[in-house]
Each structure stands twice: as C-alpha cells, then as structure tokens.
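Both counts, for ligands and for their atoms, begin at 1 and track the order of listing. Throughout, numbering of the chain's residues begins at 1 and tracks the sequence.
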Amino acid sequence: MKAFLGAGLLFAATLALTGCDNSPTASAQNSVLSGKTMGTVWRVTVAGVPAARLPQLQEAISRQLSHDDQELSTWKADSALSRFNQYQGTAPWPVSEGMADIVTMALRIGKKTDGAMDITVGPLVNLWGFGPVAAPEHTPDPQAIDSAKALTGLQHLKVIQTSQGQALQKDLPGLYVDLSTMGEGYATDHLARLMESEGVTNYLVSVGGALLSRGQSAGGRPWRVAIQQPTDQEDVAQAVVDLQEHGISTSGDYRNYYELDGKRISHIIDPATGRPIEHKLASATVIATTAMEADGWDTGLMVLGTEKAKALAIKQHLAVFLIIREGNKFVTWSSPLFKSFLVSQDH
Ligand code: FAD
C-alpha cells in the first residue's frame, strides 16, 4: 500500500531570511507579496517600494505566473507543453522563445550530466505517480518500467530554428517532456525580469525552491537565504548564503515522496534505471547566474549521487552544497565556488 508522507509541495527547500514590513510608511522597508502557483508557493520580497504600489505588483505577478503555468504545465491538458506532448507526429512544432530557452538549457545540462537530468523522463515520472497521474498502488513491474523507459531519451528531442521561429522536434511520437524540474527556476527568472520592467531594483523572488535576488534588502543589507536541513521539520537551517545577485535552487528527496510496499519512493527518477533514486544524498543546492540553470543542475546532481555530484561540480566549476545522510546524522560538502557564497553553516 502507498502512503503519502512528503506534504511539501507547498514548501520551499531554500528560504528567504530577510524580514518584512508592509506598513504604509515602510518605503525603506521590505514588503512581501506571495501566492500559490504551479502546485507550490511564490514569494516576492521588495525593498523600498511604496505600499500603494503593492496591489498592482501583486496583480502583475499573478498574471505572469498564470501565463508561465499555461506554457509549461504537465498538469494542464491545454498548456503549450501538453499540446506538444499530445502531438503524435515528428514535424517541427513551433514554440515560444521562452519554451525554446528552457528546453535548450535542459538539453545542455542533460548532456553534461550524462543524461541524469533528462526532461523526457515524463512517462517514468507519471508511472511512479509524481506527475498528474495518481500514484500506483504497488511497485510498477519491470515490464511497465521498461515500456515507459523506451519512451525516454534526450537524443529524441531537439530545439530547431525554422523560418517561422523556434520549434521543438521529436523523433519519437510518444515522447513526453516534463519541465517540472526547471519550471520553477524559469518562472523565478521571469519574476526578476518583471521586477526590472516595473522599475523595482531591490528584490528577492522565488517560486518553490528556486530563488533569485538583485540589489539589497532594506537598510542596505544583503539578501540572505537559508538552506534547510533535509528533515520533516520545517525551517531548520543547515547553512546560510549571501546570494550576491545569483539564482539558487535546492532539490531533495525528503519533501516530495511516499511509501510504497514498505519502501520510500522519491520523486527524483534515475533515467538509467527507470526507478526512483535510493542513495544517501539527501539534497543538492546549486547557485548559478540564473535560477533556471541552478534548478536544472540540482536535479541532475541528485540523480548522480554524492561522489559523481562532487566530481561534476568541480569539473564544471559549479557552486554546489550537498547534504548527505550518514546514519541518523547529516554531513555536508561545499564545492570551492560555493564557499564564496557561504555566510554560516551548522556542522
Ligand atoms: P526538482 O528536483 O526541481 O524536480 C523534480 C521533478 O522533476 C520531479 O517531480 C519530476 O517531475 C521531474 N524529474 C524527476 N526525475 C527527473 C530527472 N532525472 N530529470 C529531469 N526531471 C526529473 N504540482 C502539482 O501538484 N500540481 C500542479 O498543478 C502543478 N503544476 C505545475 C506547473 C508547472 C509549470 C511546474 C513547473 C510544476 C508544477 N507542479 C505541480 C510540480 C511542482 O510544483 C514541482 O515543480 C515539482 O514537484 C518538482 O519541483 P521540486 O523543486 O520539488 O523538485
């Protein structure tokens, strides 16, 4: 029997630490706006914005996030991505520039992780019950896993330029693209661009576990973010970083999981085996120029496991923080680049 334990879809694994003040005289203070989107929460903290402007900002944010959701969701049958997934042909399929960007980045990270980060893993995500399809009552049998696996593979997907613009092209009609792993980062970067276009220069924006900051928090303080300890207890910081105008994202196996036939089933699937990961790496946090890039790498590193993740972080000069289970304790590892963002750490 299955039992859902990880309630955390409404919970970010990386948290903004800076305080708030929404009073009408608080133009030199932080103001926090928030809401729900994409099965998770969004949060925008701005510094020095008059309270009178906040309702208009809230509306612009909600509108933009609805648009992104309508573009990338696999939970919505009529989203742009779902329509591509439903299309059972192999001709170029016109897409927006944003969609072409996220898929291009995903394919690049997929290649660098040797296919560990694979956005065509959708049929397996659905088989294991982490997409819009209900979770199975029992462990899927090997034939079902092999059949789903046969529909995956980054080599079957391309981003191409046509005379009408960018397009996706698949050579496997049944290919099913799942952008859940990078969609939060994409939407976070998009929120940052919205703030810029609204003339807001000091902000910390987030969708789910992906965050990005620019400028400074109220009083000229840096934007600081806590990386949570990977336990069921919320809000226990394992480390604190100063984002320095970067994006950050955490992927973990401890919030979104269920138990099936006595085993813990993680939402992160190893495309090589077609099964949820089972190793001791509890969370991977990545800091990168954009939240979307950070959001792609963190899942790939989770699939690879501790030792391969460390080696890749060093080879690719990534800012990476790993939390590894050892018995009933956690040990951590920081890549050399990550140390330049680290403010404090709980050992
Ligand atoms: P991450 O580690 O960032 O990503 C893990 C997810 O990526 C898995 O859940 C799976 O979908 C996929 N994945 C697993 N293995 C791999 C792999 N090897 N390579 C690549 N991808 C992999 N959730 C809902 O419950 N309801 C909704 O309506 C809903 N709508 C959404 C709409 C959009 C546009 C997006 C982007 C997501 C939506 N979600 C929804 C999903 C949810 O909110 C999270 O995005 C999702 O659970 C994963 O985010 P994460 O940060 O927890 O994990």
Side-chain angles (χ1 to χ4, degrees), residues 4 6-14 36-42 64-77 79-82 98-99 102-103 105-107 109-110 113-135 148-149 152-154 157 176-188 190 206-211 228 230 248-258 265-277 281-286 291-305:
F4 269 97
L9 282 183
L10 291 178
F11 196 79
T14 25
K36 291 182 185 171
T37 187
M38 303 178 182
T40 185
V41 291
W42 64 264
Q64 180 167 290
L65 288 170
S66 293
H67 178 270
D68 289 347
D69 193 23
Q70 194 58 39
E71 188 82 358
L72 304 181
S73 181
T74 43
W75 272 260
K76 286 189 154 65
S79 73
L81 182 61
S82 289
M99 177 80 84
I102 185 171
V103 174
M105 174 70 80
L107 294 179
I109 296 174
T113 57
D114 272 337
M117 210 293 274
D118 181 348
I119 55 168
T120 72
V121 82
L124 289 162
V125 171
N126 290 342
L127 180 69
W128 288 97
F130 290 105
V133 179
K149 208 163 158 277
T152 68
L154 290 172
L157 180 65
Y176 180 105
V177 175
D178 175 0
L179 293 173
S180 289
T181 186
M182 286 173 67
E184 293 174 355
Y186 172 93
T188 299
H190 212 173
S206 68
V207 179
L211 299 87
Q228 289 176 4
I248 186 170
S249 178
T250 295
S251 179
D253 72 348
Y254 55 99
R255 294 272 177 216
N256 193 1
Y257 67 93
Y258 60 84
I265 307 293
S266 163
H267 69 136
I268 298 177
I269 311 289
D270 184 345
T273 62
R275 293 167 186 276
I277 55 167
L281 181 55
S283 82
T285 298
V286 178
M292 180 168 83
E293 182 173 359
D295 207 7
W297 280 111
D298 63 3
T299 308
L301 297 178
M302 276 304 293
V303 173
L304 290 174

Student: Mind checking whether Ala116 has a heavy atom under 4.0 Å from ligand 1?
Tutor: yes
Student: Should one rank Ile269, Thr250, Leu301 by closest heavy-atom distance to atom 18 (N) of ligand 1, which comes out on top?
Tutor: Ile269
Student: Counting each atom of ligand 1 from 1 as listed, which ones have a heavy atom of Glu184 under 4.0 Å away?
Tutor: 43 (O), 44 (C), 45 (O), 49 (O), 51 (O)
Student: Are any of the N/O atoms on Met38, whether in the backbone or the side chain, positioned under 3.5 angstrom from an N/O atom of ligand 1?
Tutor: yes
Student: Could you see which bit of Val125 sits under 4.0 Å from ligand 1, with heavy atoms only: side chain, backbone, both or neither?
Tutor: side chain
Student: Can you find a pair of side-chain heavy atoms, one from Asp69 and one from Trp75, that are under 4.5 Å apart?
Tutor: no
Student: Just distances here: any N/O of Val303 and N/O of ligand 1 closer than 3.5 Å?
Tutor: no
Student: Of all the heavy-atom pairs spanning Ser283 and Thr250, show the shortest one and how long it is.
Tutor: CB-CG2, 4.1 Å
Student: I want to know if ligand 1 touches Asp178 in the polar sense, i.e. an N/O pair below 3.5 angstrom.
Tutor: yes
Student: Can you measure from CD1 (Ile119) to CD1 (Ile109) and round to the nearest 0.5 angstrom?
Tutor: 10.0 Å
Student: Between Met182, His267, Gln70, flag the one that comes closest to atom 9 (O) of ligand 1 by a heavy atom.
Tutor: His267
Student: Looking only at N/O atoms, are Thr299 and ligand 1 under 3.5 Å apart anywhere?
Tutor: yes
Student: Looking only at distance, does Asp118 have an N or O less than 3.5 Å from an N or O of ligand 1?
Tutor: yes
Student: Do Val177 and Leu157 come within less than 4.5 Å of each other through their side chains, counting heavy atoms only?
Tutor: yes
Student: Could you pull out the closest heavy-atom pair between Ser251 and Asp298, with the gap in Å?
Tutor: N-OD2, 3.3 Å
Student: In Å, rounded to the nearest 0.5 Å, how long is the span from NE2 of His67 to OG1 of Thr37?
Tutor: 12.5 Å
Student: Looking at every non-hydrogen atom in both residues, tell me the closest pair between Val207 and Glu184 and how far apart they are.
Tutor: O-CB, 3.4 Å
Student: With a 3.5 Å distance limit and no angle check, can you tell me whether Thr152 reaches the backbone of Val121 through a side-chain donor-acceptor pair?
Tutor: no
Student: Going by distance only, is there an N or O of Asp69 that falls short of 3.5 Å from an N or O of ligand 1?
Tutor: no
Student: What distance separates Asp178 CG from Leu124 CG, expressed to the nearest 0.5 Å?
Tutor: 10.5 Å
Student: Going by the closest heavy atom to atom 7 (O) of ligand 1, which one wins out of Thr181, Asp295, Val207, Ile109?
Tutor: Thr181
Student: Give a yes/no verdict on whether any heavy atom in Pro271 is under 4.0 Å from an atom of ligand 1.
Tutor: yes
